[in-house]
**Student:** 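Here it is: the structure, laid out below.
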Amino acid sequence: MACFIVPTSLAIITTAFRKKFPKQWHINWLNTIIWGGAVGLAVEHIAHQEIVPWPPFLTAMSNPADIVVMLKEMATIGIPMTVILVFAWIVMVVVYENFIATERLSLTARTAVK
Amino acid sequence: MWLIVTLIATVVVTAIYLLLKGYRKKYKLGFLALMLWGTFLMVLVDHLIAFISGEPFMKVTTDGLIKSGTMLGIVMIIPIFVIWIITISIPSGTKP
């Protein structure tokens with residue numbers, strides 16, 4: 001119902017504090033991945049009538065019984081979703097910093113020597 | 001089906017990013033690709049967990065406002081492309 005709120009909450013924090021992260025972490029990659037996904041999933045949730053453009057915005061919030069289901073979904077889907085996105089970002093950063101960036105650096109050094 | 005649509009969009013844009021090196025920065029292809037990867041991964045996790053719970057992995061139709069799964073996938077990625085178009089339309093160095 002509102003599973004994407006979990007990664008979006010992380011994105012709010014990482015976006016707000018993006019300048020505090022080391023440049024090599026490429027935190028904007030994570031922000032872009034999560035915000036892009038949040039936009040797509042928000043459209044999907046609107047199409048499934050789980051989100052409405054008026055308060056309480058989440059249709060599950062109107063019914064106390066649905067709130068429990070919503071919180072359970074946020075835990076069972078939202079947390080794994082966040083973990084997968086963060087993992088994908090980590091893989092991207094590790095591959096880029098250890099292989100692509102170093103290759104470019106050595107190519108630049110070789111060009112400078114010539 | 002919306003998983004397939006997002007996957008196709010993601011793969012195509014990623015391929016364009018990898019092939020058109022000279023246009024990456026100008027058209028912010030990496031930005032578009034990352035947004036689509038995010039959408040695809042989120043939808044994939046959603047589908048996988050639903051499948052583990054006993055629901056079918058792929059649904060052709062939905063019971064929401066958009067009945068066709070394919071059309072839902074297309075509608076999902078339209079805002080992402082709109083954001084990308086707006087981003088590349090803003091000249092570099094312009095502050096909002």
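Just so we're on the same page: letters track the sequence lines, and every chain starts at 1.
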**Student:** Using non-hydrogen atoms only, which part of A:A42 is less than 4.5 Å away from chain B: side chain, backbone, both, or neither?
**Tutor:**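 A:A42 has no heavy atom closer than 4.5 Å to chain B.
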**Student:** List, by chain and then residue number, the residues other than A:W35 in its hydrophobic cluster (Ile/Leu/Val/Met/Phe/Trp/Tyr, side-chain heavy atoms under 4.5 Å); write none if there are no others.
**Tutor:**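 Via sub-4.5 Å side-chain contacts, A:W35 links to A:I12.
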**Student:** Test of understanding: clusters of I, L, V, M, F, W, Y form through side-chain heavy atoms closer than 4.5 Å, transitively. Do B:V11 and B:L3 belong to the same one?
**Tutor:**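 Yes.
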**Student:** Sort B:I83 into side chain, backbone, both or neither according to what part of it lies under 4.5 angstrom from a heavy atom of chain A.
**Tutor:**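 For B:I83, side-chain heavy atoms alone lie under 4.5 Å from chain A.
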**Student:** Provide the closest heavy-atom pair for B:P79 versus A:V43 in the form atom of the first, atom of the second, distance.
**Tutor:**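 Closest heavy-atom pair between B:P79 and A:V43: CG-CG2, 3.6 Å.
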**Student:** Count the heavy atoms belonging to other residues, nucleotides or ligands that lie under 6.0 Å from CZ of B:F81, then report whether that count exceeds 12.
**Tutor:**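 For B:F81, atom CZ is crowded (more than 12 foreign heavy atoms under 6.0 Å).
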**Student:** Just wondering, more than 12 heavy atoms not from B:F57 lying within 6.0 Å of its CZ?
**Tutor:**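 Buried by this count: over 12 neighbours within 6.0 Å.
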**Student:** Within the supplied structure, the quantity of interest is the number of heavy atoms (other residues, nucleotides, ligands) at a distance under 6.0 Å from A:F87 CZ; does it exceed 12?
**Tutor:**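 Counting neighbours around CZ of A:F87, 12 or fewer heavy atoms of other residues, nucleotides or ligands fall under 6.0 Å, so no.
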**Student:** Mind checking whether B:L19 and B:I16 sit in one hydrophobic cluster, side chains of I, L, V, M, F, W, Y counted as touching below 4.5 Å?
**Tutor:**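 B:L19 does not cluster with B:I16.
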**Student:** Within residues 34-42 of chain B, which positions have a heavy-atom distance to chain A below 4.5 Å?
**Tutor:**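 The list, in residue order, reads B:L34, B:M35, B:G38, B:T39, B:L41, B:M42.
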**Student:** Step through the shown structure and confirm whether more than 12 heavy atoms of other residues, nucleotides or ligands are within 6.0 Å of CE on B:M71.
**Tutor:**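 At most 12 heavy atoms, drawn from other residues, nucleotides or ligands, come within 6.0 Å of this atom.
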**Student:** Spell out, yes or no, whether A:L30 and A:I13 are grouped together once hydrophobic residues are joined by side-chain heavy atoms under 4.5 Å, including indirect joins.
**Tutor:**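 Result: yes, single cluster for both.
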**Student:** Only one of B:L65, B:I66, B:L72 forms a side-chain contact (heavy atoms from CB on, under 4.5 Å) with A:H48, so which one is it?
**Tutor:**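 Answer to the side-chain contact (heavy atoms from CB on, under 4.5 Å) test with A:H48 among B:L65, B:I66, B:L72: B:L72.
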**Student:** For A:T76 and B:I49, work out which heavy atoms get closest and say how close.
**Tutor:**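 So the minimum-distance heavy-atom pair works out to O-CD1, 3.2 Å.
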**Student:** Is it the backbone or the side chain of B:W84 that comes under 4.5 Å from a heavy atom of chain A, or both, or neither?
**Tutor:**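 No part of B:W84 comes within 4.5 Å of chain A.
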**Student:** For residues B:I52 and B:L44: do they belong to one hydrophobic cluster (side chain heavy atoms under 4.5 Å, members Ile, Leu, Val, Met, Phe, Trp, Tyr)?
**Tutor:**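 No, it is not one cluster - the side chains of B:I52 and B:L44 are not joined through contacts under 4.5 Å.
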